[in-house]
Amino acid sequence: MEIKRRGLLLVLSSPSGAGKSTLSRLLLEKDEAITMSISTTTRSPRPSEVEGVDYNFVTIPEFEALVEEDGFLEHARVFDNYYGTPGAPVEKALTEGRDILFDIDWQGTQQLAQKVKSDLVRVFILPPSKQELEKRLKTRAQDSEEVVAKRMAKANQEISHWAEYDYIIVNEDLEKAEQELFSILKSERLKRERQTGLVSFVKELMGEED
Ligand code: 5GP
């Protein structure tokens, strides 16, 4: 049996290279109730990226038009590009009891927190050390050296927002970090106010009429 519940919005933020993408992928592979929010961006696709799967890739004028139409739940400039979260799929998922995973930065998280309040669960992932973060960025190799240097410089700025999150995971061991992330998700799903079907379930349990 399953008790009806409202979905939740799980935000994962971290400096680039802290393992956020790997953890997101594992979560999406292993848990069928959560899907990824597909952001819209003006950044050029990386070789491995697919339109409509990793991002919706648009031009700057197209992005500006979407902002005008109020099509985004939140949007921000990150590095030299614009990123935004389309709003329409979110409310639909929440009412249908599906969860959405967000890979957005602290700016987007702050905007989202103002709009969706109690539907939001914020998780920040920290690397175990600065040296490890740099090593991970270099071995990722999808980006040029210049981009890596830029991202290292930005890491402190992103990390400085850690205290705005509900949960903090230090990703030293991937398996442990993954378990911690699953624990958070499972507990949050069980919160009384999310389990919207409880009222009628308990009534029935107590033999009361609806
Ligand atoms: P990347 O270009 O490496 O895919 O992403 C760069 C940064 O943009 C990451 O920190 C990522 O979290 C952030 N980002 C991706 N999509 C969105 C979005 O829709 N909104 C906001 N605010 N940030 C995003």
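Computation of the quantities below employed the complete heavy-atom set of this structure, encompassing side-chain atoms and omitting hydrogens, waters and symmetry-equivalent molecules. Counting starts at 1 for both ligands and their atoms, in listed order.
In terms of N/O distances under 3.5 Å, ligand 1 is not approached by Val78. Backbone and side-chain nitrogen or oxygen atoms of Ser16 are examined, and none is located within less than 3.5 angstrom of a nitrogen or oxygen of ligand 1. In terms of polar-atom proximity, defined here as any N/O pair under 3.5 Å, Glu49 makes no such contact with ligand 1. Below 3.5 Å of separation, one finds no N or O of Thr40 facing any N or O of ligand 1. An N or O contact shorter than 3.5 Å links Arg46 to ligand 1 by distance.
Within 6.0 Å of atom NZ in Lys130, more than 12 heavy atoms from other residues, nucleotides or ligands are found, so the atom counts as buried in its surroundings. Few gaps surround CD on Glu51; more than 12 heavy atoms of other groups in view lie less than 6.0 Å from it.
Per-residue contacts place Ala76 under 4.0 angstrom from the following atoms of ligand 1 (heavy atoms of the residue considered): 22 (N). Within ligand 1, counting atoms from 1 as listed, the ones closer than 4.0 Å to a heavy atom of Gly84 are 18 (C), 19 (O). Residue Gly108 approaches ligand 1 through these ligand atoms, each under 4.0 Å from one of its heavy atoms: 22 (N). Which parts of ligand 1 touch Thr85 is read off a 4.0 Å heavy-atom cut-off, strictly below it: atoms 19 (O).
Remark: of the listed residues Trp106, Tyr165, Trp162, Tyr165 is the sole one forming a side-chain hydrogen bond (donor to acceptor under 3.5 Å, both in side chains) with Ser13. Applying the salt bridge (charged side-chain N to carboxylate O under 4.0 Å, His left out) test between Asp119 and each of Arg194, Lys191, Arg6, Arg98 identifies Arg6 as the sole match.
The heavy atom nearest to atom 10 (O) of ligand 1, out of those in Arg77, Lys20, His75, Glu158, is found in Lys20. Considering only non-hydrogen atoms, atom 13 (C) of ligand 1 lies nearest to Asp105 out of Thr109, Asp105, Asp54. For atom 21 (C) of ligand 1, the nearest non-hydrogen atom from the set Gln110, Glu74, Lys154 belongs to Glu74.
Rounding to the nearest 0.5 angstrom, the gap separating the CD atom in Gln114 from the CD atom in Glu74 is 11.5 Å. In this structure, CZ on Arg5 lies 12.5 Å from CD on Glu193, to the nearest 0.5 angstrom.
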>> For a salt bridge (charged side-chain N to carboxylate O under 4.0 Å, His left out) check, start with the C-alpha distance between Arg43 and Glu49, then their side-chain angles and the critical distance, and finish with the verdict.
In response: CA-CA 11 Å; Arg43 167 167 80 60; Glu49 288 178 330; 2.9 Å; yes

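Side-chain contact check for Ile100 versus Leu9: some heavy-atom pair is nearer than 4.5 Å.
For residues 18-56, every residue pair satisfying the ring pair (Phe, Tyr, Trp, His ring centres under 6.0 Å) rule, not counting sequence neighbours, is listed here: Tyr55-Phe57, Tyr55-Tyr83.
Under the 4.0 angstrom criterion for non-hydrogen atoms, Arg43 is in contact with ligand 1. For the pair Tyr55 and ligand 1, a heavy-atom separation below 4.0 Å is found.
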